[in-house]
Amino acid sequence: MDPDRTPEAAVPRTGPRVLVVSPNRSHLAVLARRLSGEGYRIVAAENGARALTELSRTGADLVLAELVMEPMSGTDLARAIRGETGWSDLPVMLISGRAEPNGAVRAYAAGADDVILKPFHFEVLAAKIERRLANARTLQSLRADVAAIDARAALRAIELGELRDRFYASESERRKLATA
């Protein structure tokens with residue numbers, strides 16, 4: 001399997017898009033196949049730089065990346081994602097080996113939302129991914145609600161200004177008639 005593309009027949013047409021990033025082709029293929037089987041649309045990349053290109057090109061609802069990669073590590077990828085305004089809320093999960101004792105600390109400091117330690121049970125990974133996606137949907141819904149409230153508040157401020165202007169105009173007209 002080409003790690004940059006998942007066969008179209010295996011790609012669900014609906015469901016969240018997960019960007020899977022791993023320099024290990026077999027690990028990438030297994031994750032892509034298993035996550036695709038869970039209903040996720042998979043975009044694959046073999047390194048952090050390619051992941052950023054894929055994010056720009058196709059977008060994603062969640063990034064699942066290896067912590068240890070060259071030349072751009074998972075922490076560097078998380079920092080780059082957090083540095084982009086359009087991606088700052090994108091869930092980022094990093095996979096770390098147990099032999100990397102400070103990996104989780106570095107990952108969280110870089111802005112990762114979660115760190116998955118190897119070896120992991122796929123069912124736990126899938127549950128964590130679903131939880132992160134649910135949180136992202138909630139945040140997106142809240143942001144939309146705030147934007148709608150802001151728009152209504154702006155409309156009300158305009159209406160209030162118009163009413164104030166009409167009031168001042170009618171008061172001015174009333175004073176003119178009272179002095180005439």
Is there side-chain contact between Trp87 and Ser56, with at least one heavy-atom pair below 4.5 Å? yes
For residues 116-128, the side-chain hydrogen bond (donor to acceptor under 3.5 Å, both in side chains) pairs (sequence neighbours left out) are Glu66-Lys118
For a quick test of your reading: what N or O donor-acceptor pairs under 3.5 Å do the side chains of residues 150-164 make, sequence neighbours left out?
unit_1	atom_1	unit_2	atom_2	d
Arg156	NH1	Glu159	OE1	3.3

Are any of the side-chain heavy atoms of Val20 and Val18 separated by less than 4.5 Å? yes
In residues 102-109, what donor-acceptor pairs under 3.5 Å come from side-chain atoms, sequence neighbours left out?
unit_1	atom_1	unit_2	atom_2	d
Arg106	NH1	Glu100	OE2	2.9
Arg106	NH2	Glu100	OE2	2.9
Tyr108	OH	Val115	N	3.4

Hey, what do you get for CD1 (Ile129) to CG (Asp114), rounding to the nearest 0.5 Å? 9.5 Å
Mind checking side-chain contact (heavy atoms from CB on, under 4.5 Å) for Thr58 and listing every partner two or more places apart, or none if nothing turns up? Arg17, Val43, Glu54
Pairwise side-chain contact, Val63 with Met93, heavy-atom cut-off 4.5 Å (strictly under): no
To the nearest 0.5 Å, how far apart are CG in Leu77 and CZ in Arg82? 9.5 Å
Sequence neighbours left out, what pairs pass salt bridge (Lys or Arg N to Asp or Glu O under 4.0 Å) with at least one residue falling in residues 134-143? Asp89-Arg143, Glu130-Arg137
Working to the nearest 0.5 angstrom, can you tell me the gap between Leu31 CG and Asn24 CG? 9.5 Å
Got a donor-acceptor contact below 3.5 angstrom from the Asp113 side chain to the Val92 backbone? yes
Roughly how far apart are Ser170 OG and Asp165 CG, rounded to 0.5 Å? 11.0 Å
Between Arg79 (side chain only) and Ala110 (backbone N and O only), is there a donor and an acceptor less than 3.5 Å apart? no
Any chance you could measure Asp145, atom CG, to Ile149, atom CD1, to the nearest 0.5 Å? 6.0 Å
List the atom of Pro91, the atom of Asp61, and the distance in Å for their closest heavy-atom pair. CD-O, 3.2 Å
Which residues satisfy the side chain to side chain donor-acceptor pair (under 3.5 Å) test with Ser73, sequence neighbours excluded? Thr75, Asp76
Correct closest heavy-atom pair for Leu19 and Ala45 would be CD1-CB, 4.2 Å
Do Leu133 and Asn135 come within less than 4.5 Å of each other through their side chains, counting heavy atoms only? no
On a heavy-atom basis, the closest approach of Val21 and Ala51 is CG2-CB, 3.6 Å
What's the shortest heavy-atom distance between Leu117 and Phe120, and which atoms? O-CB, 3.5 Å
Return the CG to CG distance between Leu64 and Leu94, rounded to the nearest 0.5 Å. 8.5 Å
Indicate yes or no: at least one non-hydrogen side-chain atom of Glu70 is less than 4.5 angstrom from one of Asn47. no
Minimum side-chain heavy-atom gap Ile95-His27 below 4.5 Å: yes
Between Ala126 and Tyr40, which heavy-atom pair has the shortest distance, and what is it? O-OH, 4.0 Å
